[in-house]
Amino acid sequence: MANFSKSSVPRFSVDVYQNEYLPEGGREVNAIVTVTSTGGGTTGGAALTGALPAGNAAPDSGRNAAVVIMVDCSGSMDYPPTKMRNARDATAAAVDTLRDGVAFAIVAGTHVAREVYPGRGALAVADGRTRAEAKEALRRLSAGGGTAIGTWLRLADRLLASADVAIRHGIVLTDGRNEHESAEDLTAALEACAGRFTCDARGVGTDWEVKEVTAIASALLGSADIVADPAGLAEDFTRMMENAMGKEVADVALRMWTPVGVEIGFVKQVAPTVEELTQRRTEAGPRAGDYPTGSWGDESRDYHVCVRVPEAGIGREMLAARISLILPVAGDGPPEVLSQGLVRAVWTEDLAASTTINPQVAHYTGQAELAQVIQQGLYDRKSGDFDGATAKLGRAVQLAAASGNADTAKLLSKVVDVVDAATGTVRLKAKVADADEMTLETRSTKTVRVKK
């Protein structure tokens, strides 16, 4: 592991966990790459002193961030009336959590997007006066109209683009399906906004579409969750905003360089959630590509990379991939390398060495499968394929138990009766609450870290 971080940004480190040994003729190399950022974010950014590299980090983190909160104000938010009130209170709580100096705006979302505060295409700067004004504007919000989330995101993008800051973040709250624009319109909006700002998405109640909300968070590198009871919105919004305020560095990319003859199998984030990154690669020179990771505070994430190397004889070894954390710089200069790690391949005739699966690789392979079989099992259940649903959700119970993913195991127990977790023997429950099924689907990609 090498570390090239500077005092102007939080310190990044890269650790690579793998079994580098391959049998004769072996080609597939798997590795878990752990990226850790320390010295900024939730520690208050004490390390952030000095010049700003390409606008990606700043000594004054308050003046280096902008946030737009998009509140669903469609007609369904009035049923029950407490839902709209809870949404207003939650947004007010989020506004109270903004640090002084953060640029912010509030958008009311229906079949169109409307600026609630401050208006006129501008962003306000958080202080005592603007927080009070924003909360007063929130009191006037009412429900009425349809739902077209793509228009909300495009307005948020325009507002955020007006701020000369590094951290641009959005929060979307919706209680219904995106019925007043086509799926293609929403996809186009997400593609237009990807890489321009990150966004957390929340569904309140049980009348929204899980795949729509999770797609927003996935495309914009944020989090997705359900708030089944609107009374829980204020706590959730406060927690989301606190997390957003902890970000110090934006636009960090995972760069993979591979030698001639090496093929990329896949690149995915596997902790704290499973997120496929393979198709998000942008070319970065000969045999190099960048994969987006979004904004960072004080945190650690794990990535699973798989490459296929050319066949080689016993005793040969090679560099299979070089993994770097990249931060863009102003102008046309080369990016700053924050940290770096190496993935190796060594061919051996030692059967024990070449057949041992690295514990981290094994763990996260299981976690990725867990997310997949939950989603497939729930789909089978909705489609009436109860045998398929039982088999897949049984496998999910088995994987959750084996990996110690207690939170997911608890959610599964609300959908199936567990006969034997070790073998994955389950029975589908005859009746399942919509909230329980949607919570399981929404949180299916959440993982637990491997036990060291």
Tell me, do [X] and [Y] make a side-chain contact under 4.5 Å, heavy atoms counted?
X      : Y      : answer
Ile167 : Val67  : no
Leu338 : Glu336 : yes
Arg449 : Ser300 : yes
Met256 : Val305 : yes
Val172 : Val213 : no
Asp15  : Val33  : no
Glu441 : Lys211 : yes
Asn30  : Tyr17  : no

Can a donor-acceptor pair be found, under 3.5 Å and without considering hydrogens, that links the side chain of [X] to the backbone of [Y]?
X      : Y      : answer
Trp152 : Thr110 : yes
Arg168 : Ala163 : yes
Thr38  : Asp298 : no
Glu115 : Val107 : no
Thr445 : Thr273 : no
Asn405 : Thr408 : yes
Thr425 : Ala421 : no
Thr278 : Val267 : yes

Sequence neighbours excluded - salt bridge (charged side-chain N to carboxylate O under 4.0 Å, His left out) pairs with any residue from residues 197-208 = Arg202-Asp236
Would you mind listing every salt bridge (charged side-chain N to carboxylate O under 4.0 Å, His left out) that reaches into residues 361-380, with sequence neighbours excluded?
-> Glu369-Arg395, Asp380-Lys392
Who are the side-chain hydrogen bond (donor to acceptor under 3.5 Å, both in side chains) partners of [X], not counting sequence neighbours?
X      : answer
Thr130 : Asp127
Asn178 : Glu181
Thr214 : none
Asp225 : Arg443

Mind listing the closest non-hydrogen atom pair of [X] and [Y] along with its distance?
X      : Y      : result
Ser403 : Val448 : O-CG2, 3.7 Å
Ala435 : Ala228 : CB-CB, 3.9 Å
Asp251 : Pro328 : O-CD, 3.3 Å
Ile171 : Met240 : CG2-CE, 3.7 Å
Val397 : Val418 : CG1-CG1, 3.9 Å
Ile374 : Ala396 : CG1-CB, 3.7 Å

Between Asp387 and Asp385, does a side chain to side chain contact (heavy atoms under 4.5 Å, CB included) hold up when you go through it step by step?
-> CA-CA 6 Å; Asp387 289 341; Asp385 181 2; 4.2 Å; yes
Applying side chain to side chain contact (heavy atoms under 4.5 Å, CB included), run through Ser295 and Val249 and close with a yes or a no.
-> CA-CA 5 Å; Ser295 302; Val249 184; over 6 Å; no
Between [X] and [Y]: side-chain donor-acceptor atoms closer than 3.5 Å:
X      : Y      : result
Tyr291 : Arg280 : no
Thr174 : Asp72  : yes
Ser444 : Gln375 : yes
Ser218 : Glu275 : yes
Asp302 : Thr34  : yes
Gln340 : Ser324 : yes
Thr238 : Glu242 : no

Is [X] atom [atom1] crowded by more than 12 heavy atoms from other residues, nucleotides or ligands, each under 6.0 Å away?
X      : atom1 : answer
Glu235 : CD    : no
Lys382 : NZ    : yes
Phe266 : CZ    : yes
Gln279 : CD    : no

What residues form a salt bridge (Lys or Arg N to Asp or Glu O under 4.0 Å) with [X], not counting sequence neighbours?
X      : result
Arg196 : Asp157
Asp417 : Lys429
Asp175 : Lys83
Glu191 : none

Salt bridge between Arg381 and Glu437, side-chain N to carboxylate O under 4.0 Å?
-> yes
Electrostatic pair Glu133-Arg131, nearest N-O below 4.0 angstrom | no
Pair listing, ring-ring contact (aromatic ring centres under 6.0 Å, His included) test, anchored in residues 96-130, at least two apart | Phe104-Tyr117
Can you run down the ring-ring contact (aromatic ring centres under 6.0 Å, His included) pairs that involve residues 358-386, sequence neighbours left out, and say none if there aren't any?
-> none
Applying salt bridge (Lys or Arg N to Asp or Glu O under 4.0 Å), run through Glu299 and Lys247 and close with a yes or a no.
-> CA-CA 9 Å; Glu299 58 190 298; Lys247 303 300 183 183; 2.7 Å; yes
May I have the step-by-step check of side chain to side chain donor-acceptor pair (under 3.5 Å) for Thr439 and Asp436, ending in yes or no?
-> CA-CA 5 Å; Thr439 300; Asp436 290 335; 5.4 Å; no
Ring center gap for Phe197 and His169 short of 6.0 angstrom = no
Hey, could you give me the OG1/CE distance between Thr91 and Met70, rounded to the nearest 0.5 Å?
-> 11.0 Å
Side chain to side chain contact (heavy atoms under 4.5 Å, CB included) between Val270 and Thr447: does it pass, once the steps are laid out?
-> CA-CA 7 Å; Val270 288; Thr447 58; 5.6 Å; no
